[in-house]
Amino acid sequence: MAQIFPKWTNYLGHIAVGFVALKLIGITAFFWYFGSPEYLDVGYRPIQPVEYNHKVHAGDLGIDCRYCHTSVEYSARANVPPLATCMNCHKLVKPDTEKMQLVSASWKGRDAIRWIRVNDLPGYAYFDHSIHVSAGVSCIECHGNVAEMDIVRQAKPLSMGFCLDCHRNPELFLRPVDQVTNMKWVAPPNQQEMGQLLRSERNINPPQDCSGCHR
Amino acid sequence: MKKKELTKGKEYWRSLDQLAETPEYKQFLEREFPEGASDCDNAWSRRKFITLMGASLAMAGLAGCRRPVEKIVPYVERPEEVVPGIPQHYATSMPFGDSAYGVLVESHEGRPTKMEGNKLHPSTGGASSAFIQAQILGLYDPDRSKTVLKNGKPKTWNDFVLTWIGLHEKFKKNGGEGLAVLGGAFSSPTTSRLRSVFQKTFPKAKWITHEPVSDRNIYDGLKVAYGQAVRPQYAFDKADVILSLDSDFLLLESDSVVNARRFANGRNVESEQDKMNRLYVVECGYSTTGANADHRQAVKSHEVGAFALSLAHELKNLGVNIPGVESQLVPQKKFKWVKEVARDLKRAGGRSIVVAGRRQPAAVHALVAALNEGLGNAGKTVLYTKPVDTTFSDRNGLKTLANDIKGGIVSTLVMIDSNPLYDAPADLEFATTLSKVSTTIQLSNYVDETSTSVTWHIPQAHFLESWGDARSYDGTVGIIQPLIQPLFDSVSDVEMVGLLAEGKFTKGYDAVRKTWEVILRGGNFETKWRRVLHDGLLSDSASELVSARLRGTAVANYLSDNSLVKNNQAGSLEIVFAASPAVYDGRFAGNGWLQELPHPVTKLTWDNAALLSQSTAKQINVKNNDIVKLDYRGRNLELPVWIQPGQAENCVIVELGYGRHGVSKISDAVGANAFGLKDSAAGDFDSGLVLTKTGRTHKLACTQNHWSMEDRPIVREATLEEYHEHPNFAKEAVKHPPLESMFNEPSYAEGYQWGMTVDLNSCVGCNACMVACNSENNIPVVGREQVIEGREMHWIRLDRYYTGNVEDPETVHQPVLCQHCENAPCEQVCPVGATVHDAEGLNTMVYNRCIGTRYCSNNCPYKVRRFNFFNYTSDYDELAKMAQNPDVTVRFRGVMEKCTYCVQRISSAKITAKKERRDVRDGEIIPACQQACPADALTFGNINDPGSEVSKRKKHSRNYDLLGELNVKPRTSYLAKLRNPNPEIKKA
């Protein structure tokens with residue numbers, strides 16, 4: 001009896017299985033990357049109610065981060081400054097320009113400005129700024145070089161993998177504590193050894209357990 | 001099921017169902033979750049649920065792509081002391097009837113979230129009670145009264161002020177004729193000052209104080225004995241022998257936090273040579289104090305006086321002179337162990353205490369004062385102070401007021417913190433009485449039963465949002481300072497009384513300062529005032545001790561006028577009205593944490609019941625959950641029956657404070673109002689009750705069989721004598737083969753290793769830890785139906801075991817929380833690694849990984865894991881969500897949760913220590929349960945540090961691991977309980 005299906009059809013099954021497998025891998029890979037904070041969140045740059053320019057303030061004028069974000073060294077949260085901090089200078093500096101309109105109006109009306117959060121961690125991750133700063137982790141590591149941003153954008157994925165990269169190998173990211181807010185600091189060629197030294201000096205053992213950040 | 005032989009041959013049981021081995025009990029025990037617990041059947045069919053879920057999933061898929069925009073709202077000008085992310089603590093006072101507790105309140109950016117005791121304040125010493133802990137939820141109750149109402153229509157506070165100014169003018173002219181004030185008891189210097197201004201302005205006005213649950217009998221009895229108003233202060237820590245006559249001094253009497261602390265101190269056994277106190281309890285119901293007794297006997301409330309008199313005579317026979325006890329009738333009834341107690345009390349030689357409960361009539365208290373005098377306790381273990389700035393409940397005040405109203409004498413009635421339409425004795429018929437008053441004004445925190453019948457209703461501010469002051473039980477004067485602006489349009493008691501007295505509105509702050517300018521006179525006021533605001537109290541301001549002589553003849557006369565030996569009304573049932581450990585007199589009925597808190601002994605939640613002894617229940621042929629009709633003095637009330645082992649025969653106990661109507665979503669339709677049976681002529685107990693079975697049933701939400709660990713040797717206890725002979729009895733209680741594990745065991749020898757001990761000998765079973773945990777860890781309230789299904793969420797529970805016979809069992813309380821096993825059985829079965837160990841020995845729960853298989857809970861030998869069957873928290877009102885701790889994740893539906901050892905507190909302490917370049921100090925991390933515990937039963941710390949308190953306790957001979965024979969290596973261990981029975985008394 002003549003064969004109805006030619007011999008090559010024997011391989012159809014294999015091809016189908018291979019195709020399905022490829023497709024599954026493809027879908028996984030698609031969501032793995034396109035669903036990741038690295039793709040979705042990095043570069044998030046909302047338009048803020050006030051056209052505040054970090055590049056001018058922190059970069060050109062060289063104001064230290066801590067002038068505004070005062071609580072970063074001793075609180076879990078690095079506060080967004082109260083309006084009063086802005087007015088320290090802007091009572092005198094360009095008080096009536098167009099860009100300052102909302103700020104002046106808010107100051108007079110005693111009404112807070114509603115900023116849009118850029119670097120947002122999920123509610124179940126408890127990040128403490130103070131302990132990172134006191135360990136010698138620079139602002140840049142998570143926020144990027146804000147001194148070069150006209151409009152602040154999210155620079156790093158801030159995903160759990162991102163956190164763990166550093167928690168596993170902190171020596172690659174540590175610097176002297178007095179250089180934490182220095183945006184122009186360049187890592188020395190011997191970062192590894194220096195980091196190791198800083199790490200043992202200050203007994204830095206970042207937690208890698210769930211309980212380190214999740215409560 | 002066959003019961004195994006347990007420690008010292010004792011058998012422990014949780015419920016009558018367990019003893020009888022009913023099918024219901026077996027089912028609850030054998031199924032991890034009771035039948036139907038996994039179904040979603042109330043008002044939601046499975047199909048409807050899936051339909052809606054499908055739809056919302058489709059929506060979620062779309063919405064999930066967009067990142068939610070979150071706003072940051074910084075301060076315009078940041079208050080100097082507020083740093084975002086660092087909580088602040090303010091010392092204030094929680095007024096409670098005629099006393100107060102000193103508390104420390106945690107506040108996150110102006111939002112109070114947690115109550116603690118104030119370490120500096122003698123009334124709490126840093127510990128707290130379930131009532132104190134629950135006040136946070138009370139503040140954010142969305143059902144609190146929000147606006148001023150006139151005849152039910154919204155008005156403003158200014159409208160009322162104008163109205164009162166008119167009335168003030170009118171009454172000033174006639175000296176206050178026709179004006180009456182009905183208020184709750186208070187202990188505030190400012191309110192006292194304003195009240196005397198009021199009385200000076202309106203000399204003919206009446207001021208009546210009424211508290212439905214009060215110490216009136218105690219004061220009256222002591223007034224007979226000492227000729228002046230004095231308040232007893234008990235040094236339970238200095239007493240070797242304590243006799244409680246129907247007094248629940250560890251939980252429901254005044255000053256219970258201090259009492260529990262001192263009592264536990266007197267029982268603290270550090271080494272095998274230590275001694276401990278001995279507690280005898282004679283009571284009608286089974287109280288928390290009774291559960292701690294070394295010897296307990298149940299007698300009807302009527303017979304407690306006779307017991308005291310028998311004791312007095314026995315003591316006289318032993319040659320102890322009891323003043324005032326002469327020729328009174330010797331009771332005919334022979335009580336158990338009267339002679340032995342008398343001998344024991346005499347032997348103690350001034351180191352004993354006799355204390356009677358507030359339900360007992362004044363004559364009992366006069367006699368008890370004489371006993372303490374005769375035994376030489378007065379001045380040593382029993383001290384008397386002179387209360388100042390304090391009003392007490394008037395004995396017949398409410399009745400006089402009702403008569404005055406009926407006589408047409410009262411034209412304007414002001415009610416401050418008073419709700420007579422709910423809690424006045426039923427015979428006064430206050431609803432019709434009140435309608436005879438032309439103008440009625442009420443200040444209350446809820447639109448309650450009375451509010452709908454008054455002319456003016458004014459919302460009362462919570463103590464966390466108002467200025468005031470209050471004296472604690474020992475007289476220490478503390479400040480009440482606001483943690484937050486009033487959430488609603490409300491005024492404080494101080495402001496209300498100020499307006500009444502002065503005819504003009506003065507802010508609470510100004511009124512309080514004016515009082516304190518006198519209290520702090522001499523020296524720089526501002527410095528002293530700031531000190532008071534910082535500490536929360538004026539130190540060393542406790543009331544002076546009274547050194548009066550007991551008046552023997554007065555006591556003798558009083559005792560012969562008020563005989564303690566009642567006619568034995570055989571067959572007649574006794575009814576007892578008791579305050580509830582959950583809602584007290586109804587003031588906490590709107591509080592979900594307290595409603596869901598299992599009663600320390602009955603383990604009932606969300607209901608009151610007619611508590612009966614088993615033999616009484618048999619007489620009328622009823623069982624648990626059967627509804628009975630209580631007929632008493634022509635009124636009746638229907639309540640479900642609950643059989644309480646160890647209760648006196650022929651006596652029915654009903655708890656007050658339930659059966660609220662139209663007040664709040666939480667309190668309405670929970671239980672029945674026992675005030676509807678009360679009679680103004682009778683006291684808190686009376687005979688003449690008739691019970692009839694109705695044939696209907698009502699399922700009570702009782703947790704006593706939940707989370708059972710089956711018949712394993714869980715509780716280990718011994719007598720002090722046995723302990724001296726066998727110090728290691730607890731460890732030796734279980735014989736097991738060598739413990740070897742098939743798993744690779746990490747060493748845990750490095751760094752911090754957290755562990756805990758629970759001293760069963762200290763724990764009094766007060767429930768403070770449970771509410772503290774609720775508050776600290778955002779544990780949801782699930783409601784009555786869910787509790788019946790066995791879904792209550794408490795991370796720490798208090799197991800109550802009975803041992804002995806049904807008519808007279810002993811009781812043991814055991815707090816059980818996650819044991820943080822090193823070889824954790826839960827971790828071995830989780831398919832997704834959602835529960836894992838960290839390097840410091842914590843058994844952590846990763847909510848985001850959890851897919852809700854519940855295998856972990858199934859495999860947990862301690863039954864400490866709790867599953868979110870619903871999205872409990874998302875249904876909360878926005879206001880109630882303000883009570884939540886921002887440092888703890890709020891859990892979603894479908895995930896497991898359990899005790900974390902307060903990992904947020906551990907993290908925060910570790911971060912602080914790290915920043916200061918040092919190690920965490922011992923005692924720096926205190927979990928919420930330990931912090932709340934008045935008895936210091938819980939100790940937490942680093943078990944790798946041999947010098948830490950927890951390590952020392954773990955070396956104790958009484959230390960044992962719960963189910964240690966399973967080789968799960970729990971980090972929490974228990975110190976076995978000891979009892980100190982009198983060797984002269986033979987167990988029946």
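Order of the sequence lines fixes the chain letters, A, B, ..., with proteins taken first and strands second; residue numbering starts at 1 for each chain.
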Between [atom1] on residue [X] and [atom2] on residue [Y], distance to nearest 0.5 Å:
X	Y	atom1	atom2	result
A:Ser75	B:Ile86	OG	CD1	4.5 Å
B:Ile911	A:His129	CD1	NE2	12.0 Å
B:Ser907	A:His214	OG	NE2	11.0 Å

B:Lys915 versus A:Ser130, side-chain donor and acceptor atoms under 3.5 Å: yes
Pair B:Asp887-A:Tyr126, side-chain donor/acceptor within less than 3.5 Å: no
Region of A:Gln208 in contact with chain B, defined by heavy-atom distances below 4.5 Å: neither
Need one label for [X]: side chain, backbone, both or neither, based on atoms under 4.5 Å from any heavy atom in chain A.
X	value
B:Thr844	side chain
B:Arg78	both
B:Val73	both

A:Asn203: which of B:Lys914, B:Arg918, B:Arg917 passes side-chain contact (heavy atoms from CB on, under 4.5 Å): B:Lys914
Side chain to side chain, A:Leu83 and B:Tyr75, heavy atoms closer than 4.5 Å: no
Pairs of heavy atoms under 4.5 Å with chain A: top-ranked of B:Ile906, B:Val846, B:Val69, B:Val888: B:Val888
Carboxylate-amine/guanidinium proximity below 4.0 Å for B:Glu109 and A:Arg77: yes
Polar side-chain atom of A:Asp209 near backbone of B:Ala839 as donor-acceptor pair, under 3.5 Å: yes
